[in-house]
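Let me begin by presenting the structure, written as structure tokens, before commenting on it.
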Amino acid sequence: MLGACAAVLAGTAFACTNLATLNLSTSMGKPGDAVTVTGTGFLANANEMPMDGMVMDMGPGGSGMGDLPTRSPVVLHWNGSDGPVLSEAVPDRSGTISVVFDIPEATAGHYTVVAVQKNPQGFDVYGTPARATIQVVGAGRPAADAARGSGSLAGDGQGTSIGLLALTVGLGVSSVGLVGAGTLAAARVLRARRRVPATVDRD
């Protein structure tokens, strides 16, 4: 009878458990930046079942549920439940966590921080995993985009330099041509004047 009551109480406790939530100290950052994560609604000490503001001992010496693990850690993964591990934390008696992780090397974009908590049988604890999104900026700019941007700037600068050089050369050639044409015209005028016979005044 005692075992049946304990099972009912445990089921009620899980049914009343809120969904786990995550909050990040910032919504964006660069690779290497530290981000503080706080979370609520996680399973507290595996030997302590919260019920209506009370903590019920479910471990040895309590209701006889067996020797359960003392703590069930919350593991933070990068961009998926099976992604790289960022950090982990053990919930306090209220199911709250607080932990810091560094943004890993990643290209610019939006990513997901996933908080996973498993029960002793290896299944997700009710209400988990919890998720929060973060945007990687700055140093996380995609390499392809960076190369494309650099090439564009280099191309524009080179094109401008070539254009200015061509314009300068063109102006120089035009100036030389004008000077040459002026010199040739002056020479022709002098020759023409020399060929005209001098007028003799017979009076």
TODO: Would you name the heavy atoms of Ala115 and Leu76 that are closest together and state the gap between them?
DONE: CB-CD2, 3.6 Å
- [ ] Sort out for me which residue in Val113, Val37, Val100 forms a side-chain contact (heavy atoms from CB on, under 4.5 Å) with Leu86.
- [x] Val113
Task: Residues which pass side-chain contact (heavy atoms from CB on, under 4.5 Å) with Thr40, listed by chain and number, not counting sequence neighbours - done: Thr21, Thr96
Task: Arg131 versus Thr112, closest heavy-atom pair with distance - done: CB-CG2, 3.9 Å
Task: Verdict with reasoning, Ile134 to Ile103, per side chain to side chain contact (heavy atoms under 4.5 Å, CB included) - done: CA-CA 9 Å; Ile134 187 169; Ile103 298 176; 3.8 Å; yes
- [ ] Identify the heavy atoms of Ala44 and Gly95 that sit nearest to each other, and give their distance.
- [x] CB-N, 4.1 Å
Open item on the list: Show me the pairs that pass side-chain hydrogen bond (donor to acceptor under 3.5 Å, both in side chains) and involve residues 79-88, at least two apart or across chains.
Closed with: none
TODO: Mind checking the NZ-OG spacing from Lys118 to Ser72? Nearest 0.5 Å is all I need.
DONE: 10.0 Å
- [ ] Compare every heavy atom of Asn119 with every heavy atom of Asp124, then report the nearest pair and how far apart it is.
- [x] O-ND2, 4.5 Å
Task: With Asp102 via salt bridge (Lys or Arg N to Asp or Glu O under 4.0 Å) - residues at least two apart - done: none
Open item on the list: Would Val116 and Val114 count as a side chain to side chain contact (heavy atoms under 4.5 Å, CB included) here? Give the steps.
Closed with: CA-CA 6 Å; Val116 177; Val114 183; 3.9 Å; yes
Open item on the list: Run the side-chain contact (heavy atoms from CB on, under 4.5 Å) test against Ala20 and tell me which residues pass, sequence neighbours left out.
Closed with: Phe42, Thr128, Ala130
- [ ] Measure the CD-CD1 distance between Gln117 and Ile97 for me, rounded to the nearest 0.5 Å.
- [x] 8.5 Å
Task: Qualifying ring-ring contact (aromatic ring centres under 6.0 Å, His included) pairs with a residue from residues 73-100, counting only residues at least two apart or across chains - done: Trp78-Tyr111
Task: Shortest non-hydrogen contact from Val99 toward Ala89 - done: CB-CB, 4.0 Å
Task: Non-hydrogen atoms of Val74 and Pro91 that approach each other most closely - done: CG2-CG, 3.7 Å
Open item on the list: With salt bridge (Lys or Arg N to Asp or Glu O under 4.0 Å) as the rule and sequence neighbours excluded, what pairs involving residues 31-41 come up?
Closed with: Lys30-Asp33
